[in-house]
Amino acid sequence: MATERYNAPDREPHWQSVWKDRDTFRTGTDPDKPKCYVLEMFPYPSGRIHMGHVRNYTMGDVLARYKRARGFNVLHPMGWDAFGMPAENAAMQNQTHPGTWTYANIAAMRTQLKSIGLAIDWSREFATCDAAYYKHQQAQFLDFLDKGIAYRKSSKVNWDPVDHTVLANEQVIDGKGWRSGAEVEQRELTQWFLKITDYAPELLEALDTLDKWPEKVRTMQANWIGRSEGLLMRWALAGDTPAGHDVLDIYTTRPDTVFGASFMAIAPDHPLAKALETSNADLATFCDTCRQMGTSVADIESAEKLGFDTGLTAVHPFDDTWKVPVYVANFILMDYGTGAIFGCPSGDQRDIDFARKYDLPVIPVVAPDSDAARAEALRQIAAGTAYTGPGVMINSRFLDGQDTQTAFNSVADRLSGETVGGKPVAERQTQFRLRDWGISRQRYWGCPIPVIHCDDCGVVPVPKADLPVELPDDVSFADPGNPLDRHATWRDVACPSCGKPARRETDTMDTFVDSSWYFVRFADPTSDTPANADATRYWLPVDQYIGGIEHAILHLLYSRFWTRAMSDTGHVDNLREPFAALFTQGMVTHETYKAADGTWLTPVDVDITGEGQARAATQRATGQPVTIGGIEKMSKSKKNLVDPDEIIGSYGADCARWFMLSDSPPERDVQWTEAGVAGASRFIQRIWRLVDEAIAKGATSDAAAPVSFSDDAMALRRVTHKTLDQVGNDIEALRFNVAVAKIYEFANALQSALAQNEPKPDVQWAVREAAEIMVQLVGPMMPHLGEECWARLGNHTLLADQPWPAAEPGLLVDDQITVAVQVNGKRRDEISVAKTADKAELEAAALALDSVRKALDGQAPKRVIVVPQRIVNVVV
RNA sequence: GCCCCAGUGGCGGAAUCGGUAGACGCGACGGAUUCAAAAUCCGUUUCCUUCACGGGAGUGCCCGUUCGAGUCGGGCCUGGGGCACCA
């Protein structure tokens, strides 16, 4: 039969306009329907979509369409993470306004996204750079300020000298700016912070409730929050102590090693160090040197552990005749714990290095229990290697013989009730590694921080009635730095409190703020408050969030915090966790190609010949040989990009979608290959032909179901309904590659059935059923092809509006099954039996097999294990 | 250094509960169709051994638990990721 090929690039825009005209994917709250909020991380409007976007949004789209078919009221929105540095860089290069650049990019990318055929409610679209959005961000900031969640402090900050801005700790990767890659410097600046540390215990504990999040992400967040259990200890100081410094507070997680203490160390920025500096020029010089030290990994690893003896001593809490020297040391951090420690050299490599350098005692206090291991540990300590393993206490007076945990408690208990300088000598304390989130950025293209600085009144919040504080349009990027600082008419305002001349805050918010609550705004993007209570109560939390693993800490931790802060400022009802389920998808990779002159080449400029070892590449334009490089994440720098527009234009969006879902598990990287695209394209044509043949050879849509089915018809119906059942489960579990494989198997089965000559009426009916279900199964993944086939089958409805078909339970189980027969655990044979066969029947059938009899050789079996419906194992 | 994950044919991968390892796809090989090609269809494709029937080995390596291990436990090796002067 001559069948036209399915012309995807021609038909896809048609179905997209049908969905658009019918408002198919517009959503509203509907209390009578169960809701499902499917969200993919919204894109930054860089200008063009890339294959990673296609993969990300396709996954979410399959789930959204499937859930819709299952009767859920589905929210599947799209927006733009639109503030950020690239717009400013473009402004400097092209003399355009960042807003102009950004909105043009959004327009281009919207068109591209629409060409993928996503089931998105576009009426909810917004960009974070819309004043209508950031107005509500400013309102929330004011509420946070009011509640003490936002505050201002002077502190050492990470300064990116290339981007001329401050970075949060989370944004410093290996000592370099996450965006610019420049070595980060330390500067003292007054900045706005959000009190994420107040939420540290909750953010950590609640990770246990996120059972639909990847374990990996939860672990990364737990490590980042970094809880530790320890003791705050107060040691009395002796010697010529500055006023108010009679006692030194230290934090330790190992109070059990207190009898191994041989020195105290404090940070160069510790108040005690600063007090001593004023009267000790040498110490001041030492501290200055420490402060100037870089914080890059290289600096830290190469830096020697240095100390400066203050001349003061600290009195041991268990023996007031025992005094240890107090050092200022360059490896002590002021912003962790109390900025002071006691050093136990035998149990800490840093401390032992320090002790050996300054000739301080090294007292072993923990050692393994067995004699041999203990001797070895002591030898190692003597040689300069600390023992950090488990063991029992030695040389530790009343602690001797206790294990380390018991000793920890003994110390805490023994000191409880004791006081020094009116305060307890020791208190149990939990410390977190997490620091407060610094959100001030010295940038133009961000959300203005809505406060005004007045010489008389201090920091004055902008009255809510005056929001939004809009960015001025008339700015120049000719000079480096923040144009808001130079914009006098915007910057200089009257104090809202006293009316005197005052200055606007010219810092804008970190763009991670913008993405920390956009998912809430989607519930009602036109609400005149940040969140509409009814809408958020109905839609949130997000039921399935999908995005890249690179946001495991930054975006996802900030969002979890912001949601709690919104809840605590009354913007949402008791919502603590924004994302009930999280899925982190893998990247899209491609081979790399390098020309003889070392420049990277894009795949379209390269011709590949040969296979396997014989593969070779040449440059298309010149015929010059090309080196085939490794498979790497698609990136502009390596030029190993494939443009979604080109694929969609020549093969169609469905082809790109199907390929993205096939083969590779969604959480792993997928390698984009020409062969893979061609395979997907072949399958599209195959479905098209199968539907066509099924129409020709199968029953008509109105044919009554036969009263009974032959074995052939039953076989096809079983495959049909099993596939229906399994594909649903696989989509639900986001196992798209497995769902794809099941559909292939189903297609093979249908094709075999169609190969019969003159099928009987019951087979014809089963063929028709199979074709219809096949179309519905591919619908969520290849929606355009689905609609086209659905219409071809004679339907006047939209496939997108069809409910998911129900699998007939009776067809999901086989009456006759194959059970493997093992001899001594090795598979020797198989038997075909009724599904209901009991142990005795299975055993008898297995023992009757020639292969089993041969193995038994006339002997009775020692044992026969029978697991009905699964296996028979004969032990000889 | 600490923490986490992964390792299955030529390749991507499947095996949801400890029960027939390699589904499905890609690639390759053989065949049909065609004047020829494209397209399509059919078959073979873990390795070793055998003319064949068959037999043996096999999920990174070693050991263990079990009637039975890709799956569970212990110890390694390799690769990837995260954290890191955090007391």
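Residue numbers start from 1 in every chain, and the chains themselves are labelled A, B, ... in the order their sequence lines are given, proteins ahead of strands.
- Per the geometry, CZ belonging to A:Phe331 stands 9 Å off P belonging to B:C86, to the nearest Å.
- Between the CD atom of A:Gln726 and the P atom of B:A15 there is a distance of 11 Å, given to the nearest Å.
- For B:C17, the OP1/OP2 oxygens have no side-chain nitrogen or oxygen of A:Arg870 closer than 4.0 Å.
- No N or O donor and acceptor, one from the side chain of A:Gln349 and one from the base of B:G1, sit under 3.5 Å apart.
- Taking atom P in both B:U8 and B:G1, the straight-line distance is 26 Å, to the nearest Å.
- Comparing B:C83 with B:C26, their C1' atoms are spaced 38 Å from each other, to the whole Å.
- Side-chain proximity of A:Glu830 to the nucleotides B:A14, B:C83, B:U20 is greatest for B:U20.
- For A:Gln751, taking side-chain heavy atoms from C-beta onward, the closest of the listed nucleotides B:G12, B:U20, B:C42 is B:C42.
- A distance of about 50 Å separates the C1' atoms of B:G82 and B:G30, rounded to the whole Å.
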Please convert RNA chain B into dot-bracket. A pair counts if it is Watson-Crick or G-U wobble with both distances under 3.5 Å; crossing pairs go in [ ] and bases paired with another strand get |. (((((((..(((......[....)))((((((.......))))))((((....))))..(((((..]....))))))))))))....

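- Whole-Å rounding puts the A:Arg218 CZ to B:G81 C1' distance at 18 Å.
- Base orientation for B:C17: syn, the chi torsion being within 90° of 0.
- When the nucleotides B:C26, B:G19, B:A87 are ranked by their closest atom to the side chain of A:Ser228, B:A87 comes out on top.
- In this structure, the nucleotide among B:C4, B:C41, B:G13 sitting nearest to the side chain of A:Thr219 is B:C4.
- Between the side chain of A:Asn223 and the base of B:C83 there is no donor-acceptor pair of N/O atoms closer than 3.5 Å.
- The distance from the CD1 atom of A:Ile743 to the CD1 atom of A:Ile773 is 12.0 Å, given to the nearest 0.5 Å.
- Between the CE atom of A:Met660 and the C1' atom of B:G25 there is a distance of 16 Å, given to the nearest Å.
- Here B:G13 is the nucleotide among B:U20, B:G13, B:C83 with the atom lying nearest to any side-chain atom of A:Asn737.
- The shortest distance between the side-chain N/O atoms of A:Asn748 and the OP1/OP2 oxygens of B:G25 is below 4.0 Å.
- The CZ atom of A:Arg227 sits 18 Å away from the C1' atom of B:C3 (whole-angstrom rounding).
- Within the 4.0 Å cut-off from OP1 or OP2 of B:A87, at least one side-chain nitrogen or oxygen of A:Tyr336 is found.
- The same atom, P, is picked in B:G56 and in B:U65; the two are 24 Å apart, to the nearest Å.
- Nearest nucleotide to the side chain of A:Ile865, out of B:A87, B:C24, B:C67: B:C67.
- Atoms CG (A:Asp663) and C1' (B:A23) sit 13 Å apart, rounded to a whole Å.
- The interatomic distance linking A:Ile871 (CD1) with B:C17 (C1') rounds to 14 Å, in whole Å.
- Taking only side-chain atoms of A:Arg682, from C-beta outward, the nucleotide of B:G81, B:G27, B:U20 with the closest atom is B:G27.
- Interface remark: the A:Lys862 side chain does not form any donor-acceptor pair with the B:C67 base, using a distance-only criterion of under 3.5 Å.
- Between B:C47 and B:G58, the distance separating the two C1' atoms is 8 Å to the nearest Å.
- The distance between atom CZ of A:Arg686 and atom P of B:C24, rounded to the nearest whole Å, is 11 Å.
- Classified by its glycosidic torsion, B:G55 falls in the anti category, the angle being over 90° from 0.
- In this structure A:Trp658 satisfies the side chain to side chain donor-acceptor pair (under 3.5 Å) test together with A:Tyr744, sequence neighbours excluded.
- For A:Ala741, taking side-chain heavy atoms from C-beta onward, the closest of the listed nucleotides B:G82, B:C24, B:G68 is B:C24.
- Taking atom C1' in both B:A21 and B:G70, the straight-line distance is 7 Å, to the nearest Å.
- No hydrogens or angles considered: nothing links the side chains of A:Thr592 and A:Asn640 as a donor-acceptor pair under 3.5 Å.
- One P atom belongs to B:G10, the other to B:C61, and the distance between them is 14 Å to the nearest Å.
- For the C1' atoms, the distance linking B:U50 with B:C17 amounts to 39 Å, nearest Å.
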